[in-house]
Amino acid sequence: MAEAHQAVAFQFTVTPEGIDLQLSHQALTEIYLSGLRSWKKKLIRLKNGVITGVYPASPSSWLFVVIAILATMYMRSDPSMGLIAKIQEHLPVSQSLSAQCQTVVSAVLFSTLLWFSLIFTMRMCLKQLLSYHRWMFEQRGKMSNTTKVWVALVRIFSGRQPLLYSYQGSLPNQPVPAVKDTVKRYLESVRPLTTPDEFERMTSLATQFESSLGNRLQWYLKLKALWASNYVSDWWEEYIYLRGRSPIMVNSNYYGMDFLYVTPTPIQAARAGNTLHAFLMYRRKLNREELKPVSSTTSQPPPLTCDRGWSFTWAIFIRAHTVQHWQDSDYVAVYHRGRYFRLRMYSSSRPLSPREIESQLQRILEDPSPPSPGEEKLGALTAGDRIPWAKARKEYFSLGVNKRSLDCIEKAAFFVTLDDDEQGMMGEDPAASLDRYAKSLLHGKCYDRWFDKSFSVVIYKNGKIGLNAEHSWADAPVVAHLWEYVLATDSFQLGYNEEGHCKGEVDASLPRPQRLSWDITPECQEQISQSLAVAQALADDVDFHVFSFRDFGKGMIKKCRISPDAYIQLALQLAYYRDRGMFCLTYEASMTRLFREGRTETVRSCSNESCAFIKALEGGEVGKVCRRLLRHASEKHQNLYKHAMTGAGIDRHLFCLYVVSKHLGVDSPFLKEVLSEPWHLSTSQTPVQQVELFDMVNHPEYISCGGGFGPVADDGYGVSYIIMGENMMNFHISCKHSCPQTSSHKYGGQIRQALLDMLQLLCPDQREPSRSDQSQTKKDL
């Protein structure tokens, strides 16, 4: 193969006349340019590391301090109060320098120490300032004097022009709540979900835990909080994600969708060319820390962003699973019709242009070679149970050609699937096509994604795209930030020519994508078949429904002076009560990015206040009473969300106490029961973080449908929603066919009706919903 010869930098043969050495100048040039690009990245990281390390000061401020100290000494004043003279006495080179030079060197050393002291002081002050969270609990538009002073001080100590990670060293550590407070909040959260006898029993267990074992476990947890950057995140990643033995497909991975109404080009290779190039642009900005830090408010410095990049993959071993990271991967792994390819994304130290990527992918699409035995469904190993995959990895992929090809996939920047199916909202039944689109992104054919990769980009035959992301390395808001950038860059920055192809020229000398080779034994093929059977059964059991609610959006909800998220959460609980005739433990994901290395916390949305509102509404209470209870429930939900964001949540604290108890070898009936409670309603909002990238006025059709995830409980629902603009909300609902009590379409209809009924309650004069919405609701119900 031509590319195999080009990959060899030199060849030699032994002849009677001696050794005949043949150099490949092209290969040597590529090696040189690759090394040059790597060193440029290292220098950029070093420069950014210095800038971030001295933030909120700047490297140039060191020169200012030195000049100020020298100028003061020139005026025959000693700002060091004798410290410069002490330094001068102990200089190791005092004999070889003149007295004047010794004084200058001593002054420079003192200035440097003073500079570092000022940086440390400013950083500690900023860290203390960022520990203030009372501003979150103040009413909108009514800022207290304390908060006004805090805002001014934050601006003073925050510095200017921060890089992406400039604030990381100044973010406070996540606090450990008091056991008493956590137990109190827990009992309050389960009060509406239990009978009086059950609640009395849980209160007894909680009191016993609080007075005995809880204090002992809390001591160890506080010790960890003093030592570690975050007392939750590492254990959460290890025990929730990496130590799981069930399939991560459906159970852990999640997905993101393309634009709902627009497909920029119907040409598969062209859409892939722009998409992959946009990923490279994002990674370049990420490596150079040129992305704008995410901020919680206009006056608040940014919370935690993803500081781990995204070239991740799982490494599967018998005893433990680990996450491995490669920073400088210059290629992607591509899957098409059962074959795996290695596609280089750089040439001569530059990224390939979108047109060149399109040309290379077109070569893969036109490649007629069949898959080798066992290759087509190899990815099913990553979709099935983890232990069989770990054993197969050790037995069949630890040596030879299989190991080299597996390493190629796992060390790739990310995974790409060129799918032969057509997806999106299309055909005579757009609603059903969206459901199929969601299931395709969530699990595909169970073997045409590499579920261990940080994310797999799916390019469909009709130009639609999507994303399947692994959960352990990053939560949905981080991936959503990346996905928003890719969608916007593809359509508004890169664009396509009149024929629908990528813009630019093609370098004809580019080597063809490299086909990966495999030697899959019959025994390994049998294991692949078994993993595929497990994964297929799981995928077939998923019941999915995606719909857009366009009758009103957050604009109308805000006019009613209600939080849009609280409104939707109450609608979800009302819909569940109507669907099942009961309340349930409800999970809403909240971010703890105000803290260093913060990830998520649980908001227990089902509260006494929300249940009181729903009972009143369903019990026929008058509108005035229901409106008052609705507003109380909304305020309670906002308060719960703010507590979760500021480190005063319930579930992560109890989870860590449970981990400590297991390490100590002690059992707690209270913790065991708490952590075994099923989440029958698991919800999450996908926030739109980069509104400035999209022109919702001139191009309202360029809106994403958001993303979703699989059901958490076998007899429950998973609901993801995204609020788009002022007049649209998209919902992704999942459950399991095997549970006769759940139906994604029926629950979707209940959600539609709940949204409309609550608006009618708040705004009795609001117009009736359109006939199309009414007919769709009746159809689902």
Side-chain angles (χ1 to χ4, degrees), residues 36 38-132 149-173 225-230 287-290 293 301-302 304 307 327 595-597:
L36 186 63
S38 179
W39 276 105
K40 284 182 179 179
K41 286 185 177 181
K42 291 178 181 178
L43 291 175
I44 290 172
R45 291 194 187 106
L46 177 62
K47 182 196 74 172
N48 291 341
V50 171
I51 295 174
T52 300
V54 301
Y55 201 82
S58 63
S60 60
S61 63
W62 172 82
L63 186 60
F64 174 81
V65 174
V66 171
I67 293 175
I69 295 297
L70 291 176
T72 306
M73 294 183 65
Y74 181 77
M75 301 297 292
R76 299 187 180 281
S77 176
D78 186 7
S80 70
M81 295 182 293
L83 288 177
I84 293 179
K86 287 288 185 181
I87 295 174
Q88 186 173 348
E89 291 177 7
H90 295 85
L91 278 178
V93 292
S94 58
Q95 302 298 327
S96 59
L97 295 176
S98 64
Q100 187 174 7
C101 287
Q102 292 179 32
T103 303
V104 172
V105 171
S106 301
V108 171
L109 288 175
F110 171 78
S111 302
T112 303
L113 292 174
L114 177 62
W115 182 62
F116 278 122
S117 300
L118 291 173
I119 291 172
F120 179 79
T121 302
M122 292 179 68
R123 185 169 288 185
M124 290 299 102
C125 290
L126 184 58
K127 196 168 189 175
Q128 290 301 314
L129 287 170
L130 296 183
S131 299
Y132 173 82
V149 173
W150 171 78
V151 170
L153 290 175
V154 166
R155 289 176 176 172
I156 292 172
F157 286 97
S158 291
R160 298 180 179 180
Q161 298 178 344
L163 296 176
L164 180 61
Y165 306 134
S166 293
Y167 289 105
Q168 298 305 294
S170 300
L171 288 173
N173 291 356
L226 291 174
W227 177 257
S229 300
N230 190 293
N287 289 338
R288 297 191 174 197
E289 300 187 34
E290 295 174 351
L304 177 69
D307 58 352
Q327 289 186 337
F595 305 105
R596 189 168 186 177
E597 297 184 13

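Of the inter-residue distances, the one linking Q128 atom CD with L153 atom CG reads 12.5 Å to the nearest 0.5 angstrom. K47 NZ to E289 CD: the interatomic distance, rounded to the nearest 0.5 Å, is 9.5 Å. Within the model, atoms CD1 of I69 and CG of D78 stand 9.0 Å from one another, a figure rounded to the nearest 0.5 Å. The CD atom of Q168 sits 9.0 Å away from atom OG of S166, with the distance rounded to the nearest 0.5 Å. Note that the CZ atom of F110 and the CG atom of L70 stand 11.5 Å from one another [nearest 0.5 Å]. A distance of 9.5 Å separates OG in S131 from CG in L171, rounded to the nearest 0.5 Å.
With a 4.5 Å cut-off on side-chain heavy atoms, W115 and V54 count as touching. Within the 4.5 Å cutoff, side-chain heavy atoms of Y167 are placed close to those of L126. Between P79 and M73 the shortest side-chain heavy-atom distance falls below 4.5 Å. Annotation: side chain of T121 is not in contact with side chain of F157 (no heavy-atom distance under 4.5 Å).
The minimum heavy-atom distance between W62 and V108, with the atom names listed, is CZ2-CG1, 4.0 Å. Nearest approach of P59 to V50, heavy atoms of both residues: CG-CG1, 4.4 Å. Across all their heavy atoms, R123 and G169 have their closest contact at CD-O, 3.8 Å. In this structure, A228 and N173 approach most closely via the heavy-atom pair O-ND2, 3.7 Å. Considering every non-hydrogen atom in both A57 and S61, the closest pair reads CB-OG, 3.7 Å.
In this structure, Y55 contributes its side chain and S158 its backbone to a donor-acceptor pair below 3.5 Å.
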query: Can you check side chain to side chain contact (heavy atoms under 4.5 Å, CB included) on L109 and V105, steps first, answer last?
result: CA-CA 6 Å; L109 288 175; V105 171; 4.3 Å; yes

task: Go through the steps to decide whether V151 and R155 satisfy the test side chain to side chain contact (heavy atoms under 4.5 Å, CB included), and finish with yes or no.
output: CA-CA 6 Å; V151 170; R155 289 176 176 172; 3.8 Å; yes

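Every residue meeting the side-chain contact (heavy atoms from CB on, under 4.5 Å) condition with L63, not counting sequence neighbours, appears here in chain and number order: I67. Scanning for side-chain hydrogen bond (donor to acceptor under 3.5 Å, both in side chains) contacts around S60 gives S58, with sequence neighbours left out. Legend: residues meeting side-chain contact (heavy atoms from CB on, under 4.5 Å) with S106, ordered by chain and number and at least two apart, are I84, I87, Q88, L91.
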